[in-house]
Amino acid sequence: MKIYHAQVNHLKNPMGFRMERTVFSWKVKDAKGKKQSYARIRVSSDEAMTHLLFDSGKDDQASSLGYPVKLELQPRTRYYWTVEAGSDAGETTASEVQFFETGKRDEAWMGKWISCSSKESRHPYFEKEIIPAKEVAKARLYVCGLGLYEVYVGTKRVGEEYLTPYSNDYNEWVQYQTYDVTEEVSKRGTLRILLGNGWYKARFGFSAFEDKGFYGNSWKLIAELHLTYADGSEEVFGTDESWQVRRSKIVFSNLYDGEHRDDTLPELPVEQAVLCDAPKGELTDRMSLPVTIHETFEPKELLHTPAGELVFDMGQEFTGIFKLHVNVPAGTRVHIQTGEILQQDNFYNENLRSAKSEYIYVSDGTEMDLVPHFTFYGYRYVKIEGIPDLKKEDFTGLAYYSNITETGRMETGNALVNQLISNVRWGLKCNFVDVPTDCPQRDERMGWTGDAQVFSPTAMYLEDTYAFYAKYLYDMAKEQSALGGKVPHVVPSCGVEDAACVWGDAACIIPWNLYLFYGDKSILEDQFVSMRSWVDYITKVDGDNHGWRYIFHFGDWLALDNPVQGAEQVMGATDEEFIANLYYAISAGIVAKAAGVLGYHEEQEKYQKLSEEQFAAVKEEYYSATGRCCIKTQTALLLTLKYHLSEKEELTKKQLMKLFEQSGHKLKTGFVGTPLLNNVLTENGMNDLAYELLLNEEFPGWLYEVKLGATTVWERWNSLLADGTISGISMNSMNHYAYGSIQEWMFRHVAGINTTEEHPGACAVQFIPTLNWELRYADATYDSASGTYHLRWELPDKEHVTITMDVPFGCKAEVRLPLVDEKEKKAIAEVLGTEENGSYMLAPGHYEVSYTLSERLGKNYTLDTPLRVLMNDPAAKEILAKELQMPDVPEQYRDYSIRELSEKFGTEMTKEQETALADALEKLAE
């Protein structure tokens, strides 16, 4: 029995983080017992755990998902804690001693905000010589530099973080970070803090087309170095006018355009720092997770393009910076540019719009490694000019993103699907750089709420994202507090103050998803005012005449069903008013459920009533008296089924299937419909269609992207045309994660690890795998908030399956096995126990069953198979052409079988043709 993943506030050993509460959580593995019999939390002021500040005793009601402890926390203090747990088998175990250390909290700052002249573009180092008076036992640096900063002691960089102090609405709040610098300042040295521009002091957002900061135009720094000496005394070095300013060789930086460095520039006279006004926002303990380097990439190839360029292909699109080894003569100008794709085998970056995404270096002749400081790139291809003898070993790609921990993995027997899974994960990594951004490369990189909302369940399967989203939601609540409850399209808003359905509904949907995935109601406590104020804002706009419907909404953004087509078309055909009113009802219902969890009974009743009223309004306006949805789009019918908007669900399913028949079984959904698509299909008996959509290799579809070389998920279904040319440049990214939401369905219904609303924190799940011969197997692991679930199904042939399942300590799983023949049930019951209503209930443990399927999988083609199915299979299509010389059949007849077509048009096949064709199709099915 072993405790792992012990956290406080969903952070491991946090230092200097915002600590409004202390909620402890943990997981257990390798236990003989089945469930926890008790847990004991102890908090101490010393690592030996001898001076206890809290002891829960053996609490048999303790939840490992979240155990809140009330502590009177002091500023700048380290606390230690452990959790001990027992099992129903008599085992006991304890975690290693963990810690958390507070920041300054509400303590007044001794350091002052300082600045320097901004007329000189060369980025400043603020410096202070540190001379310890005695032996240093402990040293902590508390620091915030705007726009961005890096800390050095001498020439040694402190810490491993990039882009500090991170992105938020600096008019509302500003974060500082805490560093343990005991080793660095134990002897005499110079503390040096280099400042860049970043989100604060350079162009960013839609309104910024010149290098001018949205929040401010001057560098600002505040810092305190606290030295605790071995005798217990303390000395503080704070920023003030005594700090000196030395100019670096960096002459330009921003997040869109890159960075310029000129090492031939002369040293400038040292300046004195000056006092300055504080930024508008409150200076607070940090919430942002560290952004650090996680992977490094060596170039896959050095390309010599037809245009005569030297271009590195990194083999994978990622977000971050690079290291380039340079050894060139003094005065040489090295120009580095990044891009996502090639065009006509040449370097290309026009889809980055106004973002230059470059690095310019002028050498002084010194051999060295270049690493950017205050910018980042989303890239796969790197064009380099100025180094004629360039070699692959000169360049290393450095991928960075917020410190999130992997929780979910999946693999199948289909190489294209596995590449899609990789693309989804890399889309997440690339866009989880402090804020859940839309894209990491062009002149945007903003926290679009709609993208974040639709992708959140997938993200929560793949990574431990609780603390990451908690910071984003805190950002959101701060924006709302200044906007009367309105949720702007992007968070931080950077001046964008419009709101729309689905996007703004992130304020309700994301915290609710966090509660469902992690089982810790703290997020609902933190966000309830935000959730409620969003719905109240809609109510105010809606008024007495459905005013909410009539403002601008994105609707089913980038769907393919708008009757007005074109490469730059962005609006879907689903009525935006319908979507707006429906999501109003959905969010009101979520607020009611959150109120119920928190025991706010008055609010629960109020918002439940509001939700029911709005669902009724939707039904009255958009459904006929017979229950038929009056909006004939795939997305509208998916929403109808998901939210049970019609009592005639069989009719709705027939309507939906008809639309797919009309589209050749191709999706036409956008940002609203796509995240629902396969989940709703599977849950409504259309799983074959769901798999068909996943495995479709033609436009539009996920594997279409894969076959064109994608290593992340595209923004648009047609970001590239079939010949590899880009479809347009006004809004076209090769690295958006929204459509990566297909991964949620793959966890829930392909592998079959399905979390449920009835059991927050995944203390119980459903195992409901669905089989597909083209995958051969699916293997998924999900290390949930309650422990690690695992399910693997494998098809040795078309008639047999082996399913392996693991249920973690303290959990249970309801299993519904696919395609079980009656004669197999007795043997299965010997492994899984008694079947009840088609289900088996599994306690913690490992299980494996093998059985014969009730029906044969794979291609079972006959003369009665619909022509559409045969035409979608290249091999079957070739057989038809060879055996029948069949002309192109009009779309409206493709749901007929070959036999039906022959009878309908009086062109019956000869016996020889029928036999030859039947034999060929049967052989294909083998």
Side-chain angles (χ1 to χ4, degrees), residues 9-10 20-21 23 25 61-68 70 453 456-457 460 465-466 469-470 472-474 476-477 480 485 487 501-502 504-540 542 548 581-619 639 642-645 676 679 683 748 754-766 784-786 810-812 814:
N9 297 347
H10 302 271
E20 295 301 305
R21 59 167 58 83
V23 178
S25 58
Q61 299 299 310
S63 170
S64 63
L65 296 174
Y67 193 91
K70 288 188 177 181
Q453 181 262 115
S456 59
M460 292 172 201
T465 57
Y466 186 104
Y469 278 124
Y472 181 63
L473 293 171
Y474 184 81
M476 189 180 294
Q480 287 179 268
V487 177
C501 71
V502 181
D505 293 298
C508 295
I509 294 172
I510 295 177
W512 185 246
N513 282 340
L514 283 171
Y515 169 66
L516 295 182
F517 273 84
Y518 293 92
D520 181 358
K521 66 180 182 180
S522 300
I523 195 65
L524 301 181
E525 294 171 345
D526 288 342
Q527 296 301 128
F528 187 76
V529 172
S530 160
M531 298 166 76
R532 182 184 64 196
S533 65
W534 167 243
V535 174
D536 290 348
Y537 169 77
I538 298 174
T539 301
K540 181 179 178 181
D542 205 49
W548 180 241
N581 204 158
L582 177 56
Y583 272 79
Y584 178 17
I586 292 165
S587 283
I590 290 173
V591 172
K593 288 189 286 190
V597 171
L598 299 174
Y600 303 162
H601 302 302
E602 187 175 325
E603 285 96 336
Q604 181 182 12
E605 184 177 332
K606 172 185 174 181
Y607 290 98
Q608 183 59 37
K609 180 182 178 184
L610 176 60
S611 178
E612 291 169 359
E613 289 172 352
Q614 294 307 319
F615 273 119
V618 170
K619 293 176 184 178
L639 289 165
K642 179 171 178 60
Y643 293 104
H644 308 290
L645 300 175
L676 309 177
N679 281 320
E683 289 158 11
R748 290 192 189 280
N754 189 23
T755 62
T756 68
E757 191 164 305
E758 293 73 28
H759 299 283
C763 54
V765 303
Q766 294 176 325
S784 75
S786 293
C811 299
K812 59 184 178 180
E814 176 194 358

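Values in this document were obtained by computation on a predicted structure and should not be read as measured data.
Considering every non-hydrogen atom in both L524 and P511, the closest pair reads CD2-O, 3.8 Å. The two residues W548 and C501 have their closest heavy-atom pair at CZ2-N, 3.7 Å. Of all the heavy atoms in A785 and G761, the pair that sits closest is CB-O, 3.9 Å. Taking all atoms of both residues into account, the shortest heavy-atom contact from A507 to V487 is CB-CG2, 3.7 Å. The shortest non-hydrogen separation linking P457 to N513 is CG-ND2, 3.7 Å. Pairing each heavy atom of S530 with each of S533, the nearest pair is O-OG, 3.0 Å.
A donor-acceptor pair shorter than 3.5 Å can be found between the side chains of D505 and W534. At a cut-off of 3.5 Å, with distance as the only test, a side-chain donor of T539 or Y584 sits close to an acceptor on the other residue.
With Q608 as the fixed residue, the side-chain hydrogen bond (donor to acceptor under 3.5 Å, both in side chains) test singles out one of K606, E605, Q604, E612: E612. Each of L65, T465, I523 was compared with Y518 under the side chain to side chain contact (heavy atoms under 4.5 Å, CB included) criterion, and only T465 meets it.
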Going through the distances and angles, do N9 and V23 end up as a side-chain contact (heavy atoms from CB on, under 4.5 Å)?
-> CA-CA 5 Å; N9 297 347; V23 178; 3.8 Å; yes
What do the steps show when you test Y583 against L639 for side-chain contact (heavy atoms from CB on, under 4.5 Å), and what is the final call?
-> CA-CA 10 Å; Y583 272 79; L639 289 165; 4.1 Å; yes
Start with the C-alpha gap between F517 and S456, add the side-chain angles, then the distance that decides, and say whether side-chain contact (heavy atoms from CB on, under 4.5 Å) holds.
-> CA-CA 10 Å; F517 273 84; S456 59; over 6 Å; no
Could you check F528 against V591 for side-chain contact (heavy atoms from CB on, under 4.5 Å), going step by step and ending with a plain yes or no?
-> CA-CA 8 Å; F528 187 76; V591 172; 4.0 Å; yes
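Taken to the nearest 0.5 Å, the OH atom of Y643 stands 13.5 Å off from the NZ atom of K619. Distance check, rounded to the nearest 0.5 Å: NZ of K593 to OG of S611 gives 8.5 Å. The line from OG of S522 to NE2 of H10 is 6.0 Å long, rounded to the nearest 0.5 Å. Taken from CD in Q766 to OG1 in T755, the straight-line distance is 9.0 Å, to the nearest 0.5 Å. How far CG of L514 is from CD1 of I509: 12.5 Å, rounded to the nearest 0.5 Å. Summarising the geometry, atom CD belonging to E525 is positioned 12.5 Å from atom CD belonging to E20; distances are rounded to the nearest 0.5 Å.
Using a 4.5 Å heavy-atom cutoff, the side chains of R21 and D526 are in contact. Contact of the Q527 side chain with the Y515 side chain is not registered, since no non-hydrogen atoms from C-beta on lie closer than 4.5 Å. Between Y469 and M460 there is a side-chain heavy-atom pair separated by less than 4.5 Å. Residues Y607 and S587 form no side-chain contact, since every pair of their non-hydrogen atoms from C-beta on lies 4.5 Å or further apart. By the 4.5 Å heavy-atom criterion applied to side chains, C508 and V535 are counted as neighbours.
With hydrogens and angles ignored, the 3.5 Å screen pairs a side-chain donor or acceptor of Q453 with a backbone N or O of V502.
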